[in-house]
Amino acid sequence: MTGLRALSGACDFSYNESMTLSTVDAYADLLRRTKEHAVLQSCAAVLGWDQQTYLPRGGAAFRGDQLALLAALAHDRATDPRLGDLLAACEGGLANLDDDLAAANVRELRHSYDRAVKLPKRLVEELAKATSDAHEAWTAARRDDDFAAFRPHLEGIVALKREEAAAVGFAGEAYDALLDEYEPGATAAGVAALFADLTESLVPLIAAAIDSGKRPKAGVLERDYPIDRQRWFAESAAAAIGFDFSRGRLDTTAHPFCSGIGPGDCRQTTRYNARFFNEAFFGVMHEAGHGLYEQNLPADRFGQPAGGYCSLGIHESQSRLWENQVGRSGNFWRAFFPRLRQAFPGTLEGVSPDDFLFAVSEVKPSLIRVEADEATYNLHVALRLELERALIAGDLAVADLPGAWNDRFAALIGLTVPSDREGCLQDIHWSFGGFGYFPTYTLGNLYAAQLMAAAAAALPDLDHDTRRGDFAGLRGWLTANVHAHGRRYRAGELCERATGHPLDAAEFVAYVREKLARFYGVC
Ligand code: ZN
């Protein structure tokens, strides 16, 4: 029973003297407004999806007007003082109501409301303007490999983000306030400790794999993979893991994403490369993992925190789990390699299932994060966490960013960065002020490994089912332990409830170690 139903029917809960009708009314009104807010945001999400898929070029300026109006309406609603009154009324009465779902909704709505009202309108507008200008500047600076042109924009954004952190408030360091937007409850110190453990284990493992001199058969993934066949194969895999195409779509875009528009409507996108298998296939597995989370959130709680995703780290755990833990496993390819051969006859002639599996599991240090393998990827993220934390703390000047990037890149990943275009200018995130976003990618990997280990312990037939291409058991476990809870619990608590212990790097390191032992003979 949801909190809304429990509170809206007078017979559904026992009378408690300290409960006044006004609390019931306040909670019902709060949820009504929250749902309207979510519906408004879903309208912007449809327009955003359309903008990146089918919008004719001529409609771009008008689309900007439409999205700006929706953003302004959403901001007004999110900071409406009436929301503060309703929250206060709920907080006064809910203490005596035995309904942890309602309590979680009020807790999370209070958190969002406080954050929204603490930001001065002037700061919100300045950030919107600065990041809009910075996006153009970053695009040109990356193209021209010209950090100096981007530098003043980034300096402006760092200053504004520090102001934002001061306005929101923090207990430890300013970066905490920024991280909290993406991973509520996480702290810089806690995340940095996890990353330190992870890096300490990964760096020597990766070095040993490289030193082994073993390499997968060359060019297996860079052959002719006709796009129509890729689309068919990727869609059939997405459907097999449970993405419901009657409640979702897959379209083509330049920058793949997944957007949960609302109940019964989830849009994922990918891009195809006719001479490279991984891009579309693992992209679709990744976005379908996000999509499964969106499709299995409790639809009757749409708009409530308890019906929304938990955190970006948990969202990313769902994509990484299906993309890597499942999609790059030997069990998965036992079921899918014969189908792959059927889809691309000729292309895979002379390639054994083991050759193919080694090719999609290859560990190879590279310059660009989005092209990195699943082990070194986390070192790219560790580098960004270190640098953006130092920028926000004031320990690193923007002018010194390229040098710091290159030094730390060499230390962590062992490559010399030849240009800023392939170095500190490669990602879009800092241009939109997304400080605190990067760590959620690696948190997703760690959560994915820990969840997968817990699922394997709970599902004795998991390996057998995966080899048959049957994912109902794993999907059901994820829905029961992750999806169904929405944001009822914070990520740390959700993880402990689902896996029995707080998040650490151990399961992910064990996962990488096992793979490297198999393919590179590294222990
Ligand atoms: Zn993702």
Side-chain angles (χ1 to χ4, degrees), residues 45 48-49 52-53 179 181-184 186 191 195 198 234-235 237-238 241-243 248-261 266-272 278-297 308-328 360 368-382 384-385 426-430 432 434-452 474-475 478-479 482-483 486-487 491 494-495 503 508 511:
W49 166 83
Q52 298 199 52
T53 49
L179 183 61
E181 187 175 357
Y182 305 110
E183 201 63 22
V191 171
F195 274 67
L198 179 64
E235 278 185 357
I241 65 171
F243 184 82
R249 294 182 54 87
L250 172 64
D251 293 273
T252 308
T253 186
H255 303 288
F257 64 93
C258 176
S259 181
I261 308 284
C266 177
R267 314 285 175 99
Q268 56 160 318
T269 64
T270 194
R271 61 180 170 210
Y272 297 92
N278 284 12
E279 192 156 340
F281 181 76
F282 289 105
V284 169
M285 288 292 282
H286 181 100
E287 302 305 340
H290 283 305
L292 282 173
Y293 189 10
E294 291 288 333
Q295 288 189 328
N296 289 304
L297 288 169
Y309 69 87
C310 177
S311 72
L312 282 192
I314 295 294
H315 221 312
E316 194 67 3
S317 77
Q318 300 306 291
S319 58
R320 301 294 170 120
L321 186 144
W322 290 103
E323 176 195 357
N324 294 332
Q325 300 277 333
V326 174
R328 285 184 158 90
V360 300
I368 307 295
R369 176 185 59 87
V370 297
E371 296 168 6
D373 62 77
E374 54 182 327
T376 60
Y377 185 92
N378 302 289
L379 304 179
H380 289 256
V381 177
R384 287 152 176 81
L385 169 64
Q426 67 181 268
D427 292 309
I428 192 173
H429 300 59
W430 291 335
F432 69 73
F435 289 84
Y437 196 122
F438 283 122
T440 68
Y441 293 132
T442 284
L443 290 176
N445 282 331
L446 303 187
Y447 280 127
Q450 202 162 310
L451 287 168
M452 194 65 178
L474 178 57
R475 199 172 59 248
L478 289 169
T479 297
V482 179
H483 309 162
R487 197 153 66 249
L494 182 80
C495 174
L503 181 67
F508 184 76
Y511 163 80

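Each ligand, and each atom within it, is numbered from 1 in the order the structure gives.
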> Taking the six-membered ring of Tyr377 as reference, does the NZ or CZ atom of Arg320 fall below 6.0 Å from its centre and within a 45° cone about the axis?
Replying inline: yes
> Got a second to check how far Trp430's CH2 is from Phe438's CZ, nearest 0.5 Å?
Replying inline: 6.0 Å
>> For Cys266 versus Phe243, what's the shortest heavy-atom pair and its separation?
In response: O-CZ, 3.8 Å
>> Could you enumerate the protein N, O or S atoms under 2.8 Å from the Zn ion (ligand 1), written like residue then atom name?
In response: His286 NE2, His290 NE2, Glu316 OE1
>> Please enumerate all residues that pass salt bridge (Lys or Arg N to Asp or Glu O under 4.0 Å) together with Asp427, with sequence neighbours excluded.
In response: Arg369, Arg384
>> Listing request: all salt bridge (Lys or Arg N to Asp or Glu O under 4.0 Å) pairs with a residue in residues 287-297, at least two apart in sequence or in separate chains.
In response: none
> With sequence neighbours left out, what residues match Gln318 under side-chain hydrogen bond (donor to acceptor under 3.5 Å, both in side chains)?
Replying inline: His483
